[in-house]
Amino acid sequence: MWMVLCLTLLVCPFETTANWSGWSEWSMCSKSCDGGLSNQKRRCYGNINCAGPGVRYRHCNTRPCSGYLLNDNARICNVHNSVGSTSAVREWSPISEQTYPCFVLCHDLSGNTPNEIKTDKEDGTKCSSAENFYCIQGECKRLGCDGEVWSNKVIDGCGVCGGDGSKCSTNATRPQFYWQLDWSPCSVTCGTGHQESIIHCMNSRTKRRTMDYFCDREIRPSDLTGECSPSDCPPRWEISSYGRCSVECGGGIQRRNIRCVVGTGRANLITVGSYQCPDPIPITEKACNLNFCPASWQTGKWSQCSVSCGIGTQTRSLTCVKFPTHGIEINVSHSECFGARPETTRACSLEACFKEFFSVPSIVVDNSTFLQTQRMKKVYLNVGGKAILLPKQPVKIRCVVKNMDSRLIFWTKDDRLISVSPYKRVHVTPKGVLKIKRTDPNIDKGTFTCMAGIEKASTYITFQTKKKAVKVAKSMMKHVLQEVPSLDKPQSDKIPGSHDHLRSLGGNSSTLAEYMVSDWSACSRSCGAGVQTREVTCGVFSDKFIKIVSVKHCEHQKKPVNIKKCLLQDFCPQWDVDKWGECSVKTCKKVGKAVQRRAVYCTNGNGTVIRRSKCQNVPVPTGSRECDNADCKVEWITSKWTKCKPHCTPRGKKFRSLSCVWKRTQKFAYSQCSSLPRPQAWKPCKSNCKKECHDHSRYCSLVGRLKMCRYETFREKCCQTCKRVTE
């Protein structure tokens with residue numbers, strides 16, 4: 001009945017008890033050597049705290065570690081080293097000069113993020129020179145002999161944990177503890193290995209192992225390592241790794257060495273007969289690189305030079321071959337070979353056809369620009385400059401070389417040697433003239449170079465349509481200063497300068513070479529004094545071509561000016577500024593910082609203020625800047641507390657508003673108070689009101705009969721019943 005009533009009214013005035021569960025099994029030791037901790041845990045059941053600890057510890061694996069120090073900081077950080085599937089190696093190392101007893105700060109040497117981590121040392125690590133202080137969950141804590149953290153219990157002279165020494169006689173001495181030495185198993189099952197000593201602290205009274213700190217560390221035996229030989233090892237095969245494949249493709253062989261050996265102790269091996277080792281005998285060869293070899297270029301030997309003296313050419317055969325298997329070769333299509341195609345023609349040089357040159361050879365260069373506007377029977381050019389031709393046009397380019405036989409001249413196109421065979425569309429004649437029978441814009445666009453000994457000169461050829469060529473020519477002729485032949489009148493195909501290097505510009509240079517000017521440029525300044533420029537060139541004009549030549553061929557004319565002064569407006573708009581204003585507390589921006597301002601206005605250069613839009617192309621000076629002001633301080637201000645809400649409750653709250661303001665001006669400072677302690681915005685309060693006395697449960701009659709009105713909880717739930725009972 002009591003429990004039903006308690007659960008019905010949702011209140012239980014009596015105290016409940018709390019009980020511990022049983023202890024769990026001992027956990028795995030936190031360390032494999034040098035003293036770790038194992039623990040047991042239990043749970044508390046009930047609605048109040050249980051008396052006593054929920055975990056207890058004991059020492060384990062107390063033998064010393066060999067080979068390395070367990071508490072070494074570098075080893076603890078190295079545990080985190082790893083290689084991800086898509087990331088680089090992360091190498092962790094301890095931060096230098098650490099004084100933390102129970103954890104290590106590690107940083108990443110590879111510079112990744114995060115670059116610093118904290119790693120706890122293993123539980124059971126000694127962390128203080130004082131007795132019984134060990135690392136537990138990253139903190140240095142005292143551990144009593146009863147296994148409880150911060151326990152002061154120690155073993156007394158009678159060997160009792162927390163004892164007072166009364167369990168043994170007055171003249172009795174501490175029980176005798178001694179060190180016992182055992183050996184670990186041998187490291188090998190046959191042949192010669194090693195074993196290490198295992199030292200335990202023993203209780204002479206119980207003949208059982210106990211914790212190391214009972215024994216005298218001053219007389220502890222040193223750790224030892226000794227040899228051991230359980231039995232002789234039988235003969236075995238010693239096998240080396242496979243070597244490199246004999247070929248890179250097409251099928252090869254890998255080989256390795258094997259021998260039958262037997263151990264003679266101390267890792268020494270001797271070779272014995274193969275019949276003594278077990279079958280089967282390991283294989284010594286295996287196939288490798290069975291994939292087909294890719295096709296590759298194969299060249300023949302260079303032929304003899306095409307001339308008996310001077311400079312000629314050599315040729316060689318070129319085939320694409322494939323090796324399906326090692327030792328078998330077949331010819332395939334050139335399209336199956338990748339990589340750079342080896343050259344099949346090259347220049348060769350024998351002794352000079354003439355015993356000596358009286359002077360150094362030199363090429364006569366025509367640095368002009370030729371623009372073809374109408375089709376011609378044949379275009380004749382001298383090497384040098386640039387030619388803009390119409391498609392499908394026969395062309396001859398002459399390379400005039402002084403002090404050298406023209407038979408020794410050869411040509412290249414984009415650094416590839418041009419053939420001397422007259423059957424080729426593009427070839428070099430015996431007199432060293434480059435001949436193109438019918439130009440092809442897709443093939444012939446590029447640089448043609450004449451080579452004469454160590455001298456060379458080039459002509460760049462490009463193409464355009466007839467329509468575009470005529471349009472460009474008419475545009476150029478608009479700016480010719482004197483009358484020139486009309487593009488509509490028939491004239492000769494002869495190009496001035498194509499022979500004898502502009503010998504007479506077609507007979508009379510004064511009638512053909514004229515100055516030509518471009519349009520004037522825009523004024524260099526939009527205000528104030530500036531300049532305008534234009535380009536001045538010299539050209540030869542006909543109905544079929546235009547040729548831009550050196551200015552010296554127009555010396556018979558007065559050269560036009562190419563620069564003149566200009567003035568769009570007298571004054572240039574510019575920005576003017578006033579002096580900086582006061583650094584006032586009225587313009588506080590940050591703690592200790594205010595804002596200074598100054599006027600910025602646009603003028604016409606003589607002090608007259610004009611519209612700001614006139615200065616839109618001029619960089620605007622700044623009109624404000626930060627300044628130091630120690631009076632720019634902030635503070636929190638609060639409103640009055642509100643009334644207690646909600647009404648008629650012992651657990652109400654009062655509220656008030658908070659504002660961050662500047663001290664001097666009381667203007668809002670918004671987030672500038674973030675560094676100051678924030679005042680309390682609410683506080684608890686009580687609001688007592690008279691309540692009407694009513695029953696709030698249908699079980700109140702039962703409360704009266706059971707005399708439960710002595711409890712305040714029931715009096716509140718059944719006010720009217722309890723009032724009647726007490727009366």
Distance-only, no hydrogens or angles: does the [X] side chain make a donor-acceptor pair with backbone N or O of [Y] under 3.5 Å?
X	Y	answer
T726	K723	yes
Q254	K286	no
N629	C583	yes
R256	I283	yes
R715	C709	yes
S30	E122	no

- Presence of salt bridge, R259 and E238, under 4.0 angstrom: yes
- Query: Does R209 come within less than 4.0 Å of D212, counting only side-chain N to carboxylate O?
  - Reply: no
Cationic tip of [X] within the cone over [Y]'s six-membered ring, i.e. under 6.0 Å and within 45° of the normal?
X	Y	answer
K41	W23	no
K121	F103	no
K645	F655	no

- Item | With sequence neighbours excluded, residues passing side-chain hydrogen bond (donor to acceptor under 3.5 Å, both in side chains) with N39 | S27
- Task: Just jot down the side-chain hydrogen bond (donor to acceptor under 3.5 Å, both in side chains) partners of E635, sequence neighbours excluded, or say none.
- Result: Q666
Non-neighbouring partners of [X] that pass salt bridge (Lys or Arg N to Asp or Glu O under 4.0 Å), sequence neighbours left out:
X	value
D631	R664
K667	none
R255	E285

- Message: Tell me which pairs pass side chain to side chain donor-acceptor pair (under 3.5 Å) where either residue lies in residues 584-593, with sequence neighbours left out.
- Response: K590-E626, K593-D628
